[in-house]
Protein chains: 2
Amino acid sequence: MNNPTDTAAVRRHNVALVLREIAAHGPCARTEVAAATGLVHASVSALAADLIGRGLVAEVGSASSGGRGRPRRLLRLVPGRVVAIALQVTLERVEVMAADLAGAVAHRASVPHRAPFGDPEPLAAVLAREIGRAEAVVRARRDAHLARVVIAMAGPVTGSGHTVAAAIDFGWSRTDLRALVLAHLPDLACPLDVVNDANVAALAEFHARAEQGGELPCAVAYIKADTGVGGGLVVGGRIHTGTHGMAGEVGHIPVAFDGPDCPCGARGCLAMYVGPEPLTAAAGLADVAARDGVDGALAELDRRLRAGDPRATDALAFAGRSVGAAVLAISGLVDPGEVILGGYLATWAAWLTPGIDAVMAGRRAGAPHLEPAIVRGMLGPDATLHGALRTSREATLDDATTVPTLDKPTPAG
Amino acid sequence: MNNPTDTAAVRRHNVALVLREIAAHGPCARTEVAAATGLVHASVSALAADLIGRGLVAEVGSASSGGRGRPRRLLRLVPGRVVAIALQVTLERVEVMAADLAGAVAHRASVPHRAPFGDPEPLAAVLAREIGRAEAVVRARRDAHLARVVIAMAGPVTGSGHTVAAAIDFGWSRTDLRALVLAHLPDLACPLDVVNDANVAALAEFHARAEQGGELPCAVAYIKADTGVGGGLVVGGRIHTGTHGMAGEVGHIPVAFDGPDCPCGARGCLAMYVGPEPLTAAAGLADVAARDGVDGALAELDRRLRAGDPRATDALAFAGRSVGAAVLAISGLVDPGEVILGGYLATWAAWLTPGIDAVMAGRRAGAPHLEPAIVRGMLGPDATLHGALRTSREATLDDATTVPTLDKPTPAG
DNA sequence: CTAAATATTACAAGAGTTGAAAAAACTACC
DNA sequence: GGTAGTTTTTTCAACTCTTGTAATATTTAG
């Protein structure tokens, strides 16, 4: 907010306020919105009329409010009015999901991409094709407004939100993925963002918790492990990307500065203790990994954990200690209210917790009220897709005036 | 910004914008302010008139701008109009400084406090007495407006900004220092804040760099060591306090999770490697420390470093490695554009850098553009006092309408 | 001394919110 | 069944703020 402000900005802000309230607290009357936002009845009426004009909000019947008096006319989000497309790039596939502001899924796809190492162009073509398909689905719906396309993938993304600084798994460096994809889509009429997968997963988990628990902490950290170790920081409800898009890369927190060498160039990184390869190796599954791949080894590790194999449980307990060290680092630096575990850290939380607690016990004993709560993420493997959709949702809720009015400006029939 | 916005908020924002511009870029004309802020000439005139009415800004002569034409009338901050009082609590003394928005010092004091362990009340009395003295100095000045009193001390301060959660050095816990001090000052007519000393020092160093370098990074981390190891995070120009006021406590980042026990309850904390006791001990000065205290040992260490004593330089090189590990953790988590060293880390940066670089070399080799620059702080031991003043300054610049107009509202003679 | 150039102010218009009054719509009660 | 009471929503005049244009002020070049 370094720019000059005028009354239009006030309008934007207050429209967003009303829309956010209606989106968050289900169908509700104008009076309730006024009470919740602090705006005056007259203002809420005008702002709601604006939102209705954009097709974002509609009146949905009346509800007599207990005693006598005029019944309140409830407002709610119009399903399917604003849709976003999210794409997640994993090692082998592209996952696609399109959903509206309420989270109703309009389109879902999963395709293999067979991207060659070192050349982002074929993957960009696949992404563009899938965006086109999803866009066609959205366009077929009457009055659906495509707000944004969001591509999530591993690797730091620079602040401006389009260049992947280093995608180790794909052998790229400083690749403007947005430009590559947009080159295939000259007619795309909405913004396209590239984001870090773990960062948006953190955002999704943050909102999932905020929606069920009442209070939302000022900061939340997310640590996940699946094919890699990553994470994200949500500060004040927003993703903290950092100067180079590296923020939240918890996989490379050094938990032992004289530890084993990490491919990143440093020593003793967290990923060297809880990453899939070191973890399965520590559980004595190196041979399984060599034969069946990492996924097979992880599945076998899961079986052995549930069977009570001591070598497996010991490996998890040791890994837990490194997670505990990372949590202490996070606690001291960022001081989040909660640390959320994702991926197999959530699945195997029961076996990790003893190690985490052991490392944190000392400090907790001194000041238990100052340490973050460690909780399991509630979203499964789709956390990233949901998070990518969430970034679009937040952008729309922040500035609803980007959604066109339904009267004349869209004469497309 | 979750509250409804009205035109008054627009005014606040734009007044702040103009004031900030005048404060930052010296005496400048309305035209220049308009160009820099994006506001229209007419608006700048009105806003400047408001600021002049509050006595914050004054016209200071004309300056012909090159060629012909009406000369521009320059605006500048009125010295001494808005004054803040900062107090820093150290182990043995209370340091006091009062200064105006431009940083001109109006009052300076340093008194021993002899605070007993476990009882905050005597210290609160000393603080209240010193605030009263500083206030009297401010009040004696014609038209000086006391904006804020800020108390900086070690220990996490909760977000609401008044309770010290744990002051280890003084043996307090969850102490509402603000209430204790205000009880002695029933007539204090301005807000009183309690802040973490290292956090505000980080803010001061951030602004010191921002003022000389043009671009300010989106995030900056600060690490200092003197009587203790601490730090701060500045994100988006603001101090990130965290959920419990613990953010930036870099002294307790674990750099080796099987390292030596730390009084905080954890193991391998950074403070166990670069803190004054471990550092002097590693340099073979344990006996000096026992005889002359920590300060004596640090002075001796400084002499030996400059004399080239290999044991001293080796100790610093080793400590540097732990700092490097902490920087890697900070880089991965927060991804600041710069890491600023303070205290004796700045003084002895030349001996620490080899160790830091050794730890960071590996990752820098892979992606040099993604690692933060490590720089020495420019402010000396007064960084904390300047930072405390800076928090007040930022609050005033954010909302200049808190400064009363000079006409009638202040009939005090 | 005049014309050009630059800086600042004056003024009407447009957009937004606010507060009070009016209208709408339903329930309860006689 | 009609009327009063209650609650919700809309209408309308007033106020504030920014903007764009025009007018005014002030200096230098020629």
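Labels below follow one simple rule: chain letters A, B, ... track the order of the sequence lines, proteins then strands, and each chain is numbered from 1. Any value given below was found using the heavy atoms of this structure, including those in side chains, with hydrogens, waters and symmetry copies removed.
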Tell me whether the OP1 or OP2 atom of [N] has a side-chain N or O from [X] closer than 4.0 Å.
X: B:T31; N: C:dT8; answer: yes
X: A:N14; N: C:dT17; answer: yes
X: B:S45; N: C:dT8; answer: no
X: A:T7; N: D:dC17; answer: no
X: A:R73; N: D:dT9; answer: no
X: B:R30; N: C:dT9; answer: yes

Side-chain donor/acceptor of A:D399 to backbone N/O of A:R12, under 3.5 Å
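Such a contact is absent between A:D399 side chain and A:R12 backbone.
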Check: Mapping A:A42 and B:S43 onto DNA chain D by nearest heavy atom, which one lands closer to the 5' end?
Finding: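 First, find each residue's nearest nucleotide; the 5'-ward one identifies A:A42.
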On DNA chain D, check which nucleotide each of A:E59 and B:G38 is closest to and give me the residue with the more 5' one.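 Its nearest nucleotide lies further toward 5', so the answer is A:E59.
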[X] [atom1] to [N] [atom2]: how many Å, rounded?
X: A:R11; N: D:dC17; atom1: CZ; atom2: C1'; answer: 15 Å
X: A:H41; N: D:dC12; atom1: NE2; atom2: C1'; answer: 17 Å
X: B:H13; N: D:dC17; atom1: NE2; atom2: P; answer: 15 Å
X: B:R12; N: D:dT18; atom1: CZ; atom2: P; answer: 12 Å
X: B:L75; N: C:dA7; atom1: CG; atom2: P; answer: 13 Å
X: B:D50; N: C:dT8; atom1: CG; atom2: P; answer: 18 Å
X: A:E32; N: D:dT8; atom1: CD; atom2: P; answer: 8 Å
X: A:L39; N: D:dT9; atom1: CG; atom2: P; answer: 15 Å

Among the nucleotides D:dT18, D:dT19, C:dT17, which one has an atom lying closest to any side-chain atom of B:V40?
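Per side-chain heavy atoms of B:V40, the pick is D:dT19.
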Which nucleotide in C:dT17, C:dT8, D:dT18 has an atom nearest any side-chain atom of B:A29:
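Side chain of B:A29 sits closest to C:dT8.
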*Could you tell me whether the side chain of A:R70 has a donor or acceptor atom within less than 3.5 Å of a complementary atom in the base of D:dT8?*
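Answer yes: a donor N or O sits under 3.5 Å from an acceptor.
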Would you give the length of the straight line joining atom OG1 of A:T5 to atom CZ of B:R11, rounded to the nearest 0.5 angstrom?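 Nearest 0.5 Å value for the OG1-CZ distance: 12.5 Å.
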Open item on the list: Distance alone, cut at 3.5 Å: any donor-acceptor contact between the side chains of B:E21 and B:H25?
Closed with: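 Short answer, yes.
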task: Test B:E59 against every option in B:R73, B:R72, B:R76 by the salt bridge (charged side-chain N to carboxylate O under 4.0 Å, His left out) rule and name the one that passes.
output: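 Among B:R73, B:R72, B:R76, the one meeting salt bridge (charged side-chain N to carboxylate O under 4.0 Å, His left out) with B:E59 is B:R73.
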Discussion item. Among A:R148, A:R393, A:R238, which residue satisfies the salt bridge (charged side-chain N to carboxylate O under 4.0 Å, His left out) criterion with A:D398?
Written reply: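 Considering A:R148, A:R393, A:R238, a salt bridge (charged side-chain N to carboxylate O under 4.0 Å, His left out) with A:D398 is found only for A:R238.
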